[in-house]
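Worksheet: the structure to be examined is printed underneath.
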Amino acid sequence: MTLSLTVSDEVRTLAPGFTHVAVEAHGLVNGPSTDESSALLEDAARRLAVRLDGRAPHEDPHVAAWREVYTAFGSKPSRTRNSAEALAKRALTESGLPRINLLVDLYNAISVAHLIPVGGEDLDRVQGGMRLVRATGDEDFVTTAGGEETVEHPDAGEVVWRDEAGVTCRRWNWRQGPRTRLTEESVSAIFLLESLAPMPVADVVAAGAELAELLEKFSPGARITVHAPESAA
């Protein structure tokens with residue numbers, strides 16, 4: 001892998017059932033959302049409805065496990081929801097899922113259909129390796145507020161993804177920073193699919209394979225590698 005991904009011992013202790021699958025992609029073609037990517041999001045919402053069978057997203061065992069982990073590191077899961085639950089709630093509303101850009105639509109569709117947090121980072125904007133750690137509280141998280149760039153700091157003990165420049169995603173997979181997000185100019189990316197017990201590892205592997213197929217379909221000729229799952233167990 002061109003990018004090193006590490007999970008700290010503190011996070012492994014906090015969530016021993018954590019597993020992640022990384023899909024690395026080079027030579028991607030991104031652009032505005034299309035009718036095809038919109039159709040994928042609509043299909044994902046239908047698959048989600050079948051999966052939940054009338055339940056609320058937080059009643060799904062996998063989402064419930066994420067809520068427990070969020071509580072364990074001091075976050076309030078009903079206020080700052082993990083990305084899979086937040087997207088699932090939007091998918092079930094009348095307005096449905098947002099359309100961002102082609103690549104983000106693809107990984108959001110996988111997230112909703114499988115109820116798995118999925119994130120995408122622009123490899124050309126990541127500085128050094130990426131680490132999943134418990135924050136000291138001194139790290140910089142560059143974001144925007146009211147159209148202006150601003151710097152926040154995570155809470156001490158909060159689980160964050162970070163690179164050498166600072167935090168790339170707060171509260172594990174709650175809010176990604178704009179510095180490394182995928183834009184219409186992105187050509188190389190790393191996609192992270194994250195799961196907790198009781199979700200079988202085979203399920204997150206299948207989701208990763210489905211994402212790779214979509215990337216190959218929408219970016220013919222791209223070099224796609226699905227890396228073996230890494231478990232915190």
Side-chain angles (χ1 to χ4, degrees), residues 1-8 11 18-34 37 40 82-84 87 98-111 114 116-133 135 139-144 149 151 154 159-195 204-205 207-232:
M1 188 186 297
T2 57
L3 175 75
S4 66
L5 294 169
T6 57
V7 179
S8 72
V11 174
F18 173 61
T19 300
H20 69 275
V21 169
V23 180
E24 185 178 356
H26 300 273
L28 294 167
V29 178
N30 201 9
S33 301
T34 65
S37 68
L40 284 171
N82 73 83
S83 63
L87 275 177
R99 274 59 169 167
I100 309 297
N101 60 52
L102 181 59
L103 290 177
V104 176
D105 289 353
L106 297 187
Y107 78 71
N108 278 350
I110 294 298
S111 176
H114 294 268
I116 294 174
V118 183
E121 306 283 354
D122 188 323
L123 280 174
D124 294 325
R125 299 183 177 199
V126 174
Q127 298 185 32
M130 289 182 60
R131 294 175 284 143
L132 187 66
V133 301
E139 300 88 348
D140 287 345
F141 177 70
V142 180
T143 185
T144 55
E149 184 176 289
V151 177
V159 176
V160 298
W161 277 104
R162 65 159 302 162
D163 64 3
E164 295 305 318
V167 173
T168 58
C169 193
R170 287 198 59 189
R171 296 197 173 98
W172 206 315
N173 46 42
W174 166 62
R175 192 173 79 186
Q176 182 187 36
R179 174 171 61 88
T180 58
R181 68 186 175 195
L182 296 174
T183 68
E184 293 183 15
E185 289 73 43
S186 299
V187 294
S188 296
I190 191 81
F191 301 91
L192 285 175
L193 298 86
E194 302 179 305
S195 69
V204 68
V205 170
E210 186 177 341
L211 176 57
E213 290 176 3
L214 288 176
L215 294 171
E216 289 167 355
K217 175 183 177 182
F218 284 86
S219 292
R223 304 184 305 283
I224 315 293
T225 305
V226 181
H227 296 279
E230 294 192 22
S231 175

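No experiment lies behind these values; they were computed from the predicted model shown.
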Please give me the minimum heavy-atom distance between Leu123 and Ala189, naming the atom from each residue. CD1-O, 3.6 Å

Verdict with supporting geometry, Ser186 and Asn30, side-chain hydrogen bond (donor to acceptor under 3.5 Å, both in side chains): CA-CA 6 Å; Ser186 299; Asn30 201 9; 5.1 Å; no

The test is side chain to side chain contact (heavy atoms under 4.5 Å, CB included); show your working for Asp124 and Val187 and say whether it passes. CA-CA 8 Å; Asp124 294 325; Val187 294; 3.8 Å; yes

Contacts of Asn108 meeting side chain to side chain donor-acceptor pair (under 3.5 Å) (sequence neighbours excluded), chain-then-number -> none

Val160 versus Phe141: any side-chain heavy-atom pair under 4.5 Å? no

Roughly how far apart are Leu106 CG and Phe191 CZ, rounded to 0.5 Å? 7.5 Å

Rounded to the nearest 0.5 Å, the OG atom of Ser83 sits from the CH2 atom of Trp174 at a distance of 12.0 Å

Do any side-chain atoms of residues 214-223 form donor-acceptor pairs under 3.5 angstrom with protein atoms, and if so which ones, sequence neighbours left out?
{"from": "Ser219", "atom 1": "OG", "to": "Val29", "atom 2": "N", "distance (Å)": "2.9"}
{"from": "Ser219", "atom 1": "OG", "to": "Val29", "atom 2": "O", "distance (Å)": "3.4"}

Please identify each residue that fulfils side chain to side chain donor-acceptor pair (under 3.5 Å) with Arg170, with sequence neighbours left out. Glu152, Glu158

Is there a side-chain contact between Leu132 and His20 (heavy atoms, below 4.5 Å)? no

Spacing of CG belonging to Leu87 relative to CD1 belonging to Ile110, to within rounding of 0.5 Å: 12.5 Å

Residues two or more places apart in sequence or in another chain: which of them pass side chain to side chain donor-acceptor pair (under 3.5 Å) with Ser188? His26

Given 3.5 Å as the limit, does a donor-acceptor pair link the side chain of Ser111 with the main chain of Ile116, or not? yes

Does any part of the side chain of Thr180, heavy atoms only, come nearer than 4.5 Å to the side chain of Met130, both counted from C-beta? no

Nearest heavy-atom contact between Val205 and Pro229 is CG2-CG, 3.8 Å

Heavy-atom closest pair, residues Val118 and Tyr107: O-CE1, 3.3 Å

Thr2 OG1 to Ile190 CD1 distance, which is reported to the nearest 0.5 Å: 6.5 Å

Side chain to side chain donor-acceptor pair (under 3.5 Å) filter on Gln176, not counting sequence neighbours, yields Glu121

So salt bridge (charged side-chain N to carboxylate O under 4.0 Å, His left out) across residues 180-192, not counting sequence neighbours, yields none

Go through the steps for Arg179 and Asp140 under the test salt bridge (Lys or Arg N to Asp or Glu O under 4.0 Å), then give the verdict. CA-CA 12 Å; Arg179 174 171 61 88; Asp140 287 345; over 6 Å; no

Between the CG atom in Leu5 and the NE2 atom in His227, the distance rounded to the nearest 0.5 Å is 8.0 Å

Nearest heavy-atom approach of Val167 to Glu139 is CG2-CB, 3.6 Å

Can you check whether Trp161 reaches Leu192 side chain to side chain, under 4.5 Å on heavy atoms? yes

How about Glu24 and Leu3: do any of their side-chain heavy atoms sit closer than 4.5 Å? no

Does any non-hydrogen side-chain atom of Val226 lie less than 4.5 Å from one of Val21? yes

Drop me the distance from Ser37's OG to Leu102's CG, to the nearest 0.5 angstrom. 5.5 Å

Of all heavy-atom pairs between Cys169 and Asn173, which one has the smallest distance, and what is that distance? SG-CA, 3.7 Å

Closest non-hydrogen atoms of Asp105 and Arg99, given as atom of the first, atom of the second and distance, are OD1-CA, 3.6 Å

Is any side-chain heavy atom of Arg131 closer than 4.5 Å to one of Glu164? yes

